[in-house]
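To start, the structure under review is shown below, and the notes come after it.
Computed from a predicted structure; not experimentally measured. Remember, it's 1-based here, ligands and their atoms both numbered in the order they're listed.
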Amino acid sequence: MIPGIAEDAVAYLDGTFLPLAEARVSVLDRGFIFGDGVYEVVPVYRRRPFRMAQHLARLARSLGAIRIRNPHDEAGWQALVERLIAAHPYDDQIVYLQVTRGVAKRDHAFPAGDLAPTVFGMSSPFTRPDAAQRDGGLATVSMPDERWLHCEIKSVSLLGNVLARQYAADRGVPEVVMFRDGFLSEGSSSNVWLVKDGVLRAPVKNNLILEGIRYGFIESLAAARGIRFEMRPIARAEVDAADELMLSSATKEILPIVSLDGRPVGAGRPGPVYASLRQGYDEAIG
Ligand code: PLP
């Protein structure tokens, strides 16, 4: 068995549902050889996928960006995800979907002809952020963003993100805050938000960050709650002078960042804009 994986975990692989521990992919799969594929992570609350349409739209965009044909239409993906959810005993789950270009002789260029993509899905229990994280916030460290220039693609080529996350782990904190050319980009696996004088700010949605599904969701929460939002480049000095920082992702939802490089953010505790957005988030997931 694989440590940390439930004995009864069920996976989907190329048309078949099977025990996760028995799922096998060829060593010539281009996902294994080149990281040539994309993925999605969909949170499920009380057996209902949250923002599913947005996740499927982003998956379609990622596939299009690297010219892999989308193996399913929206209804097909939905049916697949519903079966994965039903196969597991947990009410709150994290569904993982991955599509790679498929199996071919090793050659960097795309194989000729219509290669069948490898389609993989699995689900695991979703342990939501606990009270200590929600109410106490997270410590973070900063680092230069050393990733490539297509961070908008949710690619399985995650070496830059893996090394960034390990940079945090080596320093005993859960996440990094990355800067490219002196401007805020994002975390290793989260979007980063700033508050100054009551205004919520986030970096521009471009090729330098992954547009989280929570990005649009938090924008709409801010609008509904009368919080002014600005999307624009954010210089390092603004981050250092922020009243509040927070991050968002499918698994972390929205969490306050209370320190950066050992220095407190604002008052060093979660602020009022976070509290408002957190309340909106909890209400939306019911
Ligand atoms: N940015 C990066 C690099 C990520 O890996 C993630 C999610 O894992 C996000 C942002 C947040 O995206 P989402 O809200 O869709 O989880």
message: Under a 4.0 Å threshold between the charged nitrogen and the carboxylate oxygen, would D261 count as salt-bridged to R236?
response: yes
Subject >> Carboxylate-amine/guanidinium contact E253 R128, below 4.0 Å >> reply: yes
Does L210 offer a backbone N or O that forms a donor-acceptor pair with the side chain of N191 under 3.5 Å? yes
(message) Tell me whether R58 has any N or O atom under 3.5 angstrom from an N or O of ligand 1.
(response) yes
Hits for salt bridge (Lys or Arg N to Asp or Glu O under 4.0 Å) against D181, two or more places apart or cross-chain, chain-then-number order -> none
- Query: Would you say P43 contacts ligand 1, with heavy atoms under 4.0 Å as the rule?
  - Reply: no
Residue set satisfying side chain to side chain donor-acceptor pair (under 3.5 Å) with R83, at least two apart, ordered chain then number -> none
Checking heavy atoms under 4.0 Å, the part of N161 that sits near ligand 1 is side chain
If we number the atoms of ligand 1 from 1 as shown, the ones under 4.0 Å from a heavy atom of R214 are 13 (P), 14 (O), 15 (O), 16 (O)
S188 heavy atoms within 4.0 Å reach ligand 1 at atoms 3 (C)
*asked:* Strictly below 4.0 Å, N to O, side chains only: are E22 and R24 in salt-bridge contact?
replied: no
Paired with L97, the side-chain contact (heavy atoms from CB on, under 4.5 Å) test is passed by just one of W77, Y12, Y39, namely W77
Handout entry: N/O separation below 3.5 Å, A250 to ligand 1
Key = yes
Answer yes or no: does an N/O atom from S248 fall short of 3.5 Å to an N/O atom of ligand 1?
-> no
Open item on the list: Under 3.5 Å between any N/O of E186 and any N/O of ligand 1: does that happen in this structure?
Closed with: yes
Note: S190, heavy atoms under 4.0 Å from ligand 1, region reported as backbone
For atom 11 (C) of ligand 1, the closest protein heavy atom turns out to be N191 OD1, 3.6 Å
min-distance protein heavy atom vs atom 12 (O) of ligand 1 -> G212 CA, 3.1 Å
| request: Taking atom types as modelled, find out whether S190 and R214 have a side-chain donor-acceptor pair closer than 3.5 angstrom. | output: no
min-distance protein heavy atom vs atom 5 (O) of ligand 1 -> S189 CA, 3.3 Å
